[in-house]
Amino acid sequence: MKFASIIVDVPAMQTDRAFDYKIPDEWQELITPGMRVIVPFGPRKVQGFVIETKNHSDFNRLKSITELLDLTPCLTPELLQVGHWLTEKTLCFKISAFQVMLPAAMKAKYEKVIRLARDQELVSLPEMLLPYFQKTDQVNLKDIEKTISLAFIQKQIKLGHLELIYKVKQKTNKKMVKVIKLNVPVSQLEQLINELPSNAKKQMDILNYFKLNSKSQIQLQELLVEAKTSDTSVKSLISKGVLIEESKEIYRDPYQDRNFKQTSSLQLNQEQQNAIAPILSSVKHSHHEVFLMYGVTGSGKTEVYLQSIEEVLKNGKEAIVLVPEISLTPQMVHRFKGRFGSQVAVLHSGLSIGEKYDEWRKIQRKEVKLVVGARSAIFAPFDNLGMIIIDEEHESSYKQEENPRYHARDVAIYRAQLHKCPVVLGSATPTLETFARSQKGVYKLLTLKERVNRRSMPGVDIIDMREELRNGNRTMFSTSLIEKLQDRLSKGEQSVLFLNKRGYSSFVMCRDCGFVIQCQHCDISLTYHRHGQKLKCHYCGHEEHMPKVCPECQSEHIRFFGTGTQKVEEELVKVLPESRIIRMDVDTTGKKGAHEKLLTKFGNKEADILLGTQMIAKGLDFPDVTLVGVLAADTMLNLPDFRASEKTFQLLTQVSGRAGRHELPGEVIIQTYAPEHYSIQLASQYEYDLFYEQEMLLRKNHAYPPYYYIALVTVSHPEITKVVSVTEKVSQFLRRNVSNETKILGPVASPIPRIKDRYRYQCMVKYKREKNLNETLRKIIEHFQQDITSNDLLITVDLNPSTMM
DNA sequence: AGCACGCCGACT
DNA sequence: GTCGGCGTGCTC
């Protein structure tokens, strides 16, 4: 094993292959596939992943591995395999596939440093460089670049005065603390204390501390405080050999200050028992199978998850539970921590880089058996997986919207096949793809129709807002909604108001000429922000002031339209001045933990109305909420997306589930301008099955998933002519290389035709069977390689896109 | 991605 | 004749 094949951290087509390196003698036995290393690559050093070790290499000018970063491989053989599979399935670079499986902390950072050349006297350096090298012999290039031109530095390097070195830095790493250990038996302490010189008071204090507390080890920091001493005294005891100092890895535990109430299994009802039986059997027999647990909100899916996991753990295996953007549902974390305590690791986007790394380390070191996390937790480095659960299977956050564009559900099924274990997908409103598979018998359908508390779903009223307008109500609240809000207020019950903001931001329009203010760099309207009277672009961040007159016709009747949560809040205060309102949106939940704080406040009944966007739709469970209002149910229907109806249906069902979850009966008000739309009608009647049938018909007629697969190729470039011509060539090439059954649509402009000064065109492939599609798409990217590397062209391929944007 | 190499035009 | 523009090709 003298050689290693390594994937280097250079995400480019030309370097997307293994490079061979010599393994230095001292690491011959050590290096195994899946480890990270640092290797020389061209003039610099980069991080890389060992994917293979071997006795022979065809290349004869091999360099050696410079540094070893792991002692245990951070990618198991199985994860290496998953990485290769990801590369194939999403057409991404190998290095990107490996990196996405690891916490961000393990990705390298690169730095260029200027150093005084060897044998170089400081005095012979040009004067302007002197201040930099007074104290140190190394300066970061970034710092020096600000004041001294790059050309000058380059010259100095050529002259041999300076040297350029490439540094590979690790991001956050293991958090270490110093631990002080007693190096002698406690029984000897008495004698040692007496032997100390009489002026060594502090040392006596330290030893007395150990004697009295009968501890054999303590963190240095703690010891200093407890024994009221300084580290010099500790040091002298160390030099006497009485104490020893060690470094120990500690974990940043984001949940350390919380107490989780221990819970135990609940009695399952008949439906739940029927649902869990096949899952348990699959676990026991190590049999791979995909289950769709289709259960209405409140049917007790989570309890089924919990008891299935118990079985997995009992079998000595591990489990992964995916939940959508977990920080949104602290209640979920509580349920898992409550049942499984310290056996659980939690991975979600609310954690810092360091905290995520620590949770990951717990998994790697086999200190936990279960991980609850968002999308990327699907790559948890378990090697004896017994089950994977994906809760709220229909959630769009399971699809990564940047490279590698993977769907956690696909990864889950692939890993579960390798581990011969079940996958459980849970939802009250499964995606059509998943439900269709369960109808075909590809997935096994488990149904929970009954709610655990036997309560019926809250009644839903659809309010036609056009009618309201005709009756002279110009506000955004229907008469009925206001009445009901008032009623809850007087009864001391709580309400949730939901504003579906997607595709409905507060844009600015001239009432006289109809001109809408758009971003200069992107083809979308700017959003009005009350704070500072500014207009902001949500795509590129461009900001400008709100104009006094219309830039087109100079009219003064220029106003913002649409509804933001801020505006709703203002209006609400006008109508219900005595109500206490909590507003939740990006502005109020920006800071870490702000989200949970607001929810806790609401839970403590410090407010009557919770007003918010998407984020409040999920997992909220407050006993005193008896009214849910949806302010504009149809805004999403108008998005240019074939899943618009499906998403609307899912959202409305989801939101309705927030009302009357406990003793008090709930009520839902849906305000809309399209009351007759089937997704709104059927959601209000909780008719998933009918919705499924109706929507499937449409999908069939228009050749959309689940009847067809979709691949979306998006081309972008600063010049529109370039974009059009490339997209044209792409579609032609595709047409020539696919079967007759496959449909190629486009080129057409993307739904957002320009972002950050780049024009965007796309081409859609609809196919049923196309064995060589991935290969064809790869060829396209390869063909335009020159334009991509040197002409700022971008071609992105999304296989099974979840949005058309 | 970086970087060197190499081939053309504009200049001391 | 030389400096520097960026197209081309390589990195074990």
Side-chain angles (χ1 to χ4, degrees), chain A residues 1-25 27-28 31-69 80 87 91-100 104 106-115 140-142 144-145 149-160 162-171 402-404 717-719 722 726 781-796:
Chain A
M1 307 271 231
K2 290 185 98 48
F3 309 104
S5 287
I6 290 168
I7 302 292
V8 292
D9 181 14
V10 183
M13 183 134 278
Q14 287 164 298
T15 49
D16 189 32
R17 58 189 175 88
F19 289 84
D20 288 353
Y21 285 87
K22 272 191 280 199
I23 303 176
D25 290 339
W27 295 334
Q28 289 287 322
I31 287 198
T32 26
M35 285 180 176
R36 292 170 309 148
V37 290
I38 290 174
V39 291
F41 193 65
R44 62 214 159 114
K45 286 195 171 66
V46 294
Q47 196 178 87
F49 289 90
V50 177
I51 54 163
E52 195 190 352
T53 51
K54 50 193 188 181
N55 292 314
H56 168 264
S57 172
D58 292 330
F59 199 81
N60 52 16
R61 296 192 315 278
L62 291 172
K63 294 183 182 174
S64 283
I65 294 172
T66 315
E67 217 175 303
L68 193 51
L69 295 175
L80 280 171
T87 311
L91 299 178
C92 69
F93 301 130
K94 292 197 171 63
I95 188 70
S96 317
F98 292 141
Q99 271 165 354
V100 82
M106 298 176 77
K107 202 178 150 180
K109 273 196 316 189
Y110 300 97
E111 216 170 57
K112 286 187 217 168
V113 173
I114 299 293
R115 191 172 66 183
N140 207 320
L141 185 63
K142 279 238 169 64
I144 207 167
E145 227 176 22
S149 82
L150 227 98
F152 182 78
I153 294 167
Q154 224 159 38
K155 207 184 225 164
Q156 294 305 311
I157 293 169
K158 266 199 186 133
L159 287 170
L162 297 177
E163 217 174 358
L164 179 63
I165 41 178
Y166 299 87
K167 285 208 163 172
V168 185
K169 283 206 158 179
Q170 294 310 121
K171 286 188 182 161
E402 55 200 62
N403 273 330
H717 190 270
E719 284 160 38
K722 182 81 189 166
V726 170
I781 298 174
E782 256 165 59
H783 180 262
F784 289 102
Q785 195 49 43
Q786 292 98 307
D787 274 347
I788 291 169
T789 31
S790 40
N791 285 327
D792 205 11
L793 182 75
L794 208 67
I795 300 180
T796 50

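Atoms considered below: every heavy atom in the structure, side chains included; atoms not considered: hydrogens, waters and symmetry mates. Quick note on labels: first sequence line is chain A, next is B, and so on, each numbered from 1.
- Protein atom CG of Asp16(A) is 14 Å distant from nucleotide atom C1' of dT11(C), rounded to whole Å.
- Evaluation of Phe41(A) against the base of dC12(C) yields no stacking contact (centre distance < 5.5 Å, interplanar angle < 30° required).
- Rounded to whole Å, atom P of dC12(C) lies 16 Å from atom CD1 of Ile31(A).
- For dC12(C), the OP1/OP2 oxygens have no side-chain nitrogen or oxygen of Arg61(A) closer than 4.0 Å.
- Regarding Lys94(A), its NZ atom lies at a distance of 17 Å from the P atom of dA1(B), rounded to whole Å.
- Classification of the Phe49(A)-Phe98(A) ring pair by plane angle, with boundaries at 30° and 60°, yields tilted.
- Residue Lys45(A) qualifies as open at atom NZ: its count of foreign heavy atoms under 6.0 Å is 12 or below.
- Within 4.0 Å (heavy atoms only), Ser790(A) reaches no atom of the nucleic acid at all.
- As judged by a 4.0 angstrom heavy-atom cut-off over every strand, Tyr21(A) is placed among residues touching the sugar-phosphate backbone only.
- Under the 3.5 Å distance criterion, the side-chain polar atoms of Gln47(A) are left unmatched by any main-chain donor or acceptor of Lys107(A).
- Within 4.0 Å of Lys112(A), counting heavy atoms only, lie sugar-phosphate atoms of the nucleic acid but no base atom.
- Salt bridge annotation for Lys722(A)-Asp787(A): present, with a cationic side-chain nitrogen under 4.0 angstrom from a carboxylate oxygen.
- One interatomic measurement links the two molecules: CZ of Arg44(A) to P of dC10(C), which rounds to 16 Å at whole-angstrom precision.
- Nucleic acid contact for Gln14(A): base, since at least one base atom lies under 4.0 Å from a heavy atom of the residue.
- Remark: ring of Phe19(A) not stacked against base of dC12(C); the cut-offs of centroid gap under 5.5 Å and plane tilt under 30° are not jointly satisfied.
- For Asp20(A) and Lys54(A), the salt-bridge test passes: some basic side-chain N is under 4.0 Å from an acidic carboxylate O.
- Look at CZ on Arg17(A): it is 12 Å from C1' on dG9(C), rounded to the nearest Å.
- Here Tyr166(A) lies in heavy-atom contact (under 4.0 Å) with sugar-phosphate atoms only.
- Comparing dC12(C), dC3(B), dA1(B) by their nearest atom to the side chain of Leu164(A) picks out dC3(B).
- Note: NZ (Lys45(A)) to C1' (dT11(C)) measures 14 Å, nearest angstrom.
- For Ile788(A) and dG7(C), the CD1 to P distance is 17 Å, given to the nearest whole Å.
- Atom NZ of Lys107(A) and atom P of dA1(B) are 12 Å apart (whole Å).
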